[in-house]
Amino acid sequence: MTTTPPPTENREAAPVTASGVRPRGGWLTAARRVVPLGLSQSVIAVVLGIAVCFVIMLAVASNPLEAFGSFVFGTFRNPYSIGSMIAIATVLVLTALAAAVGFRAGAFNIGAEGQLVLGGLAAAVVAGNAGIDGFVGQALALIAATVTGALWIAVPAVLRVRFRTNEILTTLMFNYIAADFALFLVNSYFRDPDSGAVETPPLDDSLWLARLLPPPSPANVGAILVVVIAVGLWIYFDRTRSGMRMEAAGLQPAFAEYLGVRSGRYLFLSLAVSGGLAGLAGGVAVLGITHAYISGFSPQYGFLGITVALIGRLRPLGILVAAVLYASLMTGATAMQATSNVPFSLVFVLQGVLILLITSQRLGRSSS
Amino acid sequence: MNVLGDFLALTLTSLIPILAPAIGGMFAERARASNIALDGCMLVAALAAIAVGAALGNPWFGLVAGVVAGAVYASILAFAAFVLRSDLLIAGIAANLLATGVTLLVVQNVLGSTGTYAPTGVQLIPRIPLGPLAEIPIVGAALDGQSVLLYLTVALFVVAAVVMNRTRFGVHVKAVGESDEAALAVGIKPVMIRTATLLISGALAGVGGAYLSISSVASFNSNLTGGLGFIAFAAVIFGRATPLGTILASLLFAVATALGIQLQGTGTVSPQLLHMLPYVATVVALAVQAISRRRRERFDVSETNYVPAIIPRG
C-alpha cells in the first residue's frame, strides 16, 4: 500500500460547477475518476451513516437501543451468524472488486447485479447438469459463472470502448434484461419440477463449496478464494506495469494514450474482468450459500458491492475490511429484524447514505 | 381495427410515466445537471401520492403530495451535488438506492404492510370518457378513457417546450449548460439554475410516480417503477435534451413498452422476453446514437475528447 498515490491525485475540479470542460461526446461519457479521499473519510462516513441509522431507529423502533445493539453487534452474538457474515462478505468482496476494477479503469459498472444473477444461474446449471462431481465440478461451475458474467458485460463494454456509449445507463438496463432473461431461462428450461418456487433443482452435496465451520453455518472456502483474488488484484494494480497502465488509462486516457498505452484496450479488459468477478460472485453465492439458483437469491449484492468498494477506497485490501464490516451490519440487520420492529431494509438506506457521504469532496477536506 | 386502437391506447398509457419525468430531466440535462435519480424521485413520489391520497380520500391531494415529494427528494440530490460536492451521477445512483431503502422502510414500518402497500378506499385519478367521440375509428378508441394525467403531461410538455425556447429561464438554463464562465460573467448563478432544474425534474418525476400509484394501479411496492425513471433518462439523452427529441424518444420507448404488453396477449412469445423490450430498445437507441455520433466525429480535425483538467478551456 506504500506506493498508492497520495490523495492529491483526486479530481481538483468540483464535479459540475468548476469544470467548464465539455467533451464532445457529452460530459456524461467523460472518464469518471472516482477516487474517494483518505481513510478518514471512510471512517467518518461509516460513523455518520450508522448515526443516521440510529436516528431512524429512534423514530421508528419501539426499543431503539436494543435494535441498535442488534444491528451493530448482533453478528457476534453466536457462531452461526458469524458464519453467515463470512459467507455474505465473501460475495460482497467479489462484487466490490468488480465495482473497484471498473472505477479504477475509469468506468462505472453498475450492472454487477445482472452479471451476478446470470453468473449464479450459469453455475447452478453447469454444476447440476455437467455430471461431474466434487472439486472439478465446482471449479467448472465457477468458471462458467465467471465467463457468463464477462459475456454479459461484453455488449455494454464494446459500446463504451468503441462508441463511448454511456456505460452507466447500458449496464443498468442490462440488469433489468438479465432479470427477465434469467426468469425466462429458469421457467422454460431449468425449473425444478418438484418446487413451487422459481428455482433450479437443489445441487448435490458434493458440489457445495466446502464448509469452513460446522454444518448449519454457510461460511465456505469461497472466503479463501476471494482473499486470494483480492491479493492478486492488489499485486496487479500496485506492483505490475500492466496494472499501473490500466489505472493511468482510467485516470487520464489522453495522457495514457500519449505514453503509448492503448487506453481503450485496458478499459475493455477492466470491464470484462469486472463482469467476470460479478459473475463469479453469483457462482460463489449459489454454490456456497443457496445451493441452487433461487429467483431473487441476491439481496442486491451487486449494488451493495459499489458501497463496499467505495468504503474500501477501491483498494483490494481495503475492500476486504469493508466487506467484513458491511456484511456484519447486514447480518446484524437480520438479527435486528428478528428481535425488533426495524426491518432489514435499513441496510439499503445505509447504503445510499454511505455512497453520498463517501463521494463527498467537501466532507473529507474540511475534516481531515 | 380495434387492435390498432388498443395499441395506440396502450402506447399513450405507457407514455405518461416516461414523458413526464423526461420533460423534467430535459431541463436538468440541459443545465448539465443530469438527474439520473429520476427513478428514485418517481418511487418516493409514488409512495407519497398513494399514502396521502388514501389518507385524505382525494387523489388530487395525492398528486400534489407526489409532486412535492419528488421535488423534495431531488433537493437531496442537489444538496449532495452542490453542498457535499459529490459526483452528480454517483450521487444520483446513491439516491436511487436510498429511495428503494426509504420506501421499503416506510411501507413496512410506518404504513405497516409487508411488501406491497395497497390501502383500501384509495380513489384513482379520474379517467376521461369521450362519450360519442369514442366512436371515431382508431383515434376514438385510443383516447377514450385515458387518465387526466395524460392530458396534464401533454400540457406540461407544451409549457416546457415554451419555457425552454421562449423564456428567460430557458435561456439561462441553456447558458449554464454551455459554459459556467459565460453564465457567471453575465450574472447567472449556475448552482441556482442547476438546483432549480433538479427541483423541476423531481417535481415532474413526481407526476410520473403519482401516475403509477394512483392512476395506473392502486398499490405500491418498491419495484413499482421497474426502471421507468432510467428509461426516461435515456429518452432525454437520446432526444439530446431538446423538447422535440425528448418527446419522440419517449414515444419510441412507449411504443416498445406497448408492443411488449400487446404481444403478451397473443401468447406466441414468452412474456418474460417481451418484458425486456423497453430495456432492449433503450440500449439499442443509446448505441445507435453513439455510433452515429462517432461517425460524425471521424471527420473532425482532432481527437481531444479528454483534455487534462489543468488546461483551461473557455
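Chain letters run A, B, ... following the sequence lines, proteins first and then strands; every chain starts at 1.
- Of the two parts of Leu354(A), neither the backbone nor the side chain holds a non-hydrogen atom closer than 4.5 Å to a non-hydrogen atom of chain B.
- For Leu159(A), the part lying under 4.5 angstrom from a heavy atom of chain B is the side chain only.
- Shown here is His172(B), whose NE2 atom has more than 12 heavy atoms of other residues, nucleotides or ligands within 6.0 Å.
- One N or O on the side chain of Ser86(B) and one on the backbone of Leu356(A) form a donor-acceptor pair closer than 3.5 Å.
- Contacts with chain B were tallied for Glu257(A), Gln300(A), Gln351(A); Gln351(A) has the most, counting heavy-atom pairs under 4.5 Å.
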- Query: Does the pair Ile90(B) and Ile355(A) meet the rule for a side-chain contact (heavy atoms from CB on, under 4.5 Å), with working shown?
  - Reply: CA-CA 8 Å; Ile90(B) 294 177; Ile355(A) 299 182; 3.7 Å; yes

- Please test Val353(A) against Leu98(B) for side-chain contact (heavy atoms from CB on, under 4.5 Å), starting from the C-alpha separation and ending with a verdict. CA-CA 7 Å; Val353(A) 172; Leu98(B) 188 61; 3.9 Å; yes

- What do the steps show when you test Met173(A) against Ile231(B) for side-chain contact (heavy atoms from CB on, under 4.5 Å), and what is the final call? CA-CA 8 Å; Met173(A) 286 294 141; Ile231(B) 294 181; 3.8 Å; yes

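- By the 4.5 Å heavy-atom criterion applied to side chains, Leu169(A) and Thr282(B) are not counted as neighbours.
- A parallel orientation is assigned to the rings of Tyr279(B) and Tyr176(A), their planes being inclined by less than 30° (bins at 30° and 60°).
- Most heavy-atom pairs under 4.5 Å with chain A: of the set Val102(B), Val176(B), Ile93(B), Thr100(B), this distinction falls to Ile93(B).
- The NE2 atom of His275(B) sits 9.5 Å away from the CG atom of Leu183(A) when rounded to the nearest 0.5 Å.
- At a 4.5 Å heavy-atom cutoff, the contact between Ile177(A) and chain B is made by backbone and side-chain atoms alike.
- Neither the backbone nor the side chain of Asn175(A) comes within contact range of chain B; no heavy atom of the residue lies under 4.5 Å from a heavy atom of that chain.
- Among the candidates Leu274(B), Val83(B), Thr103(B), the residue making the largest number of heavy-atom pairs closer than 4.5 Å to chain A is Val83(B).
- Among Val283(B), Ile36(B), Ile76(B), Ile291(B), the residue making the largest number of heavy-atom pairs under 4.5 Å with chain A is Ile291(B).
- Considering only heavy atoms from C-beta on, Leu273(B) stays 4.5 Å or farther from Asp180(A) through its side chain.
- Neither the backbone nor the side chain of Leu277(B) comes within less than 4.5 Å of any heavy atom of chain A.
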- Could you go step by step and tell me if Leu104(B) and Phe348(A) meet the side-chain contact (heavy atoms from CB on, under 4.5 Å) rule? CA-CA 9 Å; Leu104(B) 271 172; Phe348(A) 301 118; 4.1 Å; yes

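- Closest approach of Ala290(B) to Thr165(A), counting heavy atoms only: CB-OG1, 3.2 Å.
- Of the possible polar contacts, one joining the Asn109(B) side chain to the Asn341(A) backbone as a donor-acceptor pair under 3.5 Å is found.
- For NZ of Lys174(B), the number of neighbouring non-hydrogen atoms (other residues, nucleotides, ligands) closer than 6.0 Å is greater than 12.
- Of the atoms belonging to Ile110(A), it is side-chain heavy atoms, and not backbone ones, that fall under 4.5 Å from chain B.
- Listed options Ala179(A), Gly352(A), Ser345(A) were ranked by heavy-atom pairs under 4.5 angstrom with chain B; first place goes to Ser345(A).
- One finds the CZ atom of Phe181(A) at 11.5 Å from the CD atom of Gln272(B) (value rounded to the nearest 0.5 Å).
- The backbone N or O of Arg164(A) sits less than 3.5 Å from a side-chain atom of Arg293(B), completing a donor-acceptor pair.
- In this structure, Phe184(A) CZ and Met276(B) CE are separated by 7.5 Å, a value rounded to the nearest 0.5 Å.
- Here Leu286(B) contributes atom CG and Arg160(A) contributes atom CZ; the two are 13.0 Å apart, rounded to the nearest 0.5 Å.
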